[in-house]
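In what follows, a structure is listed as structure tokens, so that the remarks can point back to it.
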Amino acid sequence: MHRDVFWLGRQWAVTGYGIQAVSKKFAMKFDVEAKRIWEEDIDALMHDEPWFDAADFADAVKQARNLSNEAPSSFWAALCDER
């Protein structure tokens with residue numbers, strides 16, 4: 001996970017990278033880069049997964065979009081050793 005965490009939910013976090021799963025077991029497979037937070041259906045890849053907490057993800061999207069409007073420079077790419 002990116003070292004800058006701006007919001008932490010049960011399953012998702014808003015970080016300097018964008019929206020990231022709190023669990024490392026997904027190895028960034030479902031993480032959403034900041035440049036994609038305004039896309040429609042960004043949860044499409046995981047929507048049918050039994051583990052997916054849609055409400056927590058929706059909160060993360062809302063928080064990420066708010067941060068993008070208020071402080072867009074908060075987002076920057078993860079370093080190669082950050083996940």
Side-chain angles (χ1 to χ4, degrees):
M1 186 175 300
H2 196 280
R3 67 177 159 220
D4 294 334
V5 177
F6 303 106
W7 178 86
L8 184 62
R10 292 179 306 276
Q11 191 177 66
W12 298 96
V14 176
T15 71
Y17 177 81
I19 301 170
Q20 293 188 273
V22 172
S23 174
K24 291 183 179 184
K25 75 179 181 179
F26 300 116
M28 295 183 74
K29 179 179 178 182
F30 299 104
D31 293 358
V32 178
E33 289 182 85
K35 65 184 179 184
R36 293 187 49 232
I37 63 173
W38 294 99
E39 292 178 8
E40 295 294 322
D41 300 326
I42 58 176
D43 65 346
L45 182 62
M46 59 209 134
H47 188 68
D48 293 329
E49 297 287 337
W51 53 264
F52 180 62
D53 184 338
D56 194 51
F57 187 79
D59 286 344
V61 170
K62 179 180 175 182
Q63 294 295 327
R65 288 175 176 173
N66 286 342
L67 182 62
S68 177
N69 284 331
E70 295 170 8
S73 63
S74 298
F75 295 112
W76 52 287
L79 301 175
C80 61
D81 63 340
E82 293 179 321
R83 290 192 181 173

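Just so you know, these numbers come straight off a predicted model, no measurement behind them. Positions are given from 1 along the sequence.
The closest side-chain heavy-atom distance from Val14 to Phe75 is below 4.5 Å. Looking only at side-chain heavy atoms (C-beta outward), Phe26 and Met46 stay at 4.5 Å or farther from each other. The shortest side-chain heavy-atom distance between Ser23 and Trp51 does not fall under the 4.5 Å cut-off.
Taking every heavy atom of both residues into account, Gly9 and Asp56 meet most closely at CA-OD1, 3.5 Å. The nearest pair of heavy atoms linking Ile19 to Ala64 is CG1-CB, 3.9 Å. Closest non-hydrogen pair, Ala13 versus Val22, comes out as N-CG2, 4.1 Å.
Note: Phe57 and Trp12 have perpendicular aromatic rings, judged against thresholds of 30 and 60 degrees for the angle between ring planes.
Separation of atoms CG (Leu67) and CG (Asn69) is listed at 9.0 Å; rounding is to 0.5 Å.
Distance alone, capped at 3.5 Å, places no donor-acceptor pair between the Asp53 side chain and the Gln11 backbone. Not one N or O on the side chain of Gln20 forms a donor-acceptor pair closer than 3.5 Å with the backbone of Thr15.
Between Arg36 and Glu33 no salt bridge is recorded (no basic side-chain N to carboxylate O distance below 4.0 Å).
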